[in-house]
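This report refers to the structure that appears directly beneath it.
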Amino acid sequence: GSCGHVALHVSHEAALALERVGRDGEEEVSALLGMAVATGLKQGRLCWVPGLRPLSQPCRTPAEDARVQAWQRRGAGFETGGSQGFRFRFVELFAGIGGFRLGLAPLGGRC
């Protein structure tokens, strides 16, 4: 389920701390993301959903969703291959901000 409509994309270090919340990560989350985020997580007003990417389904606005669907329709002519149902595979080298994936994943590619 969803607990809100705002996505906060975090560093790898913060993601690891969020994975440890409930064991030993609360102080680290507070230090990395601030007291407001740590308190929101503790009170259940915020939730940690690992694996989300910019423009993944739970993060999209209706306008973004329409654009992604248009990309998918445009890419529908590609052959589907492999047992996973991906149309093609690609490599995102030197992926500092991950923008390359945003164009290819909606077309059915697997990074």
Side-chain angles (χ1 to χ4, degrees):
S2 176
C3 64
H5 299 309
V6 176
L8 173 65
H9 298 280
V10 300
S11 69
H12 181 70
E13 183 180 15
L16 292 174
L18 286 163
E19 289 292 327
R20 290 191 298 274
V21 167
R23 296 189 306 271
D24 63 351
E26 286 88 356
E27 288 181 25
E28 192 175 3
V29 168
S30 181
L32 292 168
L33 299 175
M35 184 58 81
V37 172
T39 301
L41 287 165
K42 189 172 187 172
Q43 294 174 348
R45 291 182 291 111
L46 301 175
C47 63
W48 166 240
V49 181
L52 291 180
R53 301 265 185 217
L55 292 183
S56 62
Q57 177 61 42
C59 295
R60 293 193 297 243
T61 66
E64 291 167 335
D65 199 41
R67 281 188 291 246
V68 168
Q69 289 176 10
W71 289 336
Q72 290 170 335
R73 283 191 302 276
R74 178 182 275 176
F78 289 103
E79 295 272 329
T80 300
S83 61
Q84 301 282 329
F86 298 106
R87 293 184 179 105
F88 59 94
R89 292 183 179 274
F90 64 92
V91 175
E92 188 173 18
L93 299 174
F94 312 107
I97 59 173
F100 189 66
R101 174 182 296 149
L102 298 178
L104 297 177
L107 294 174
R110 168 80 189 242
C111 183

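This structure is a prediction, so every number in the text was calculated from the model and none was measured.
When all heavy atoms of W48 and V10 are compared, the closest pair comes out as CZ3-CG2, 4.1 Å.
Put simply, CZ on R20 and CD on E27 are 12.0 Å apart, with the number rounded to the nearest 0.5 Å. With rounding to the nearest 0.5 angstrom, the CZ atom of F90 is 9.5 Å from the CZ atom of R110.
Applying the side chain to side chain contact (heavy atoms under 4.5 Å, CB included) test between L18 and each of L32, L33, V49 identifies L33 as the sole match.
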Exercise. Carefully, step by step, assess R45 and T39 under the rule side-chain contact (heavy atoms from CB on, under 4.5 Å).
Key: CA-CA 8 Å; R45 291 182 291 111; T39 301; 4.0 Å; yes
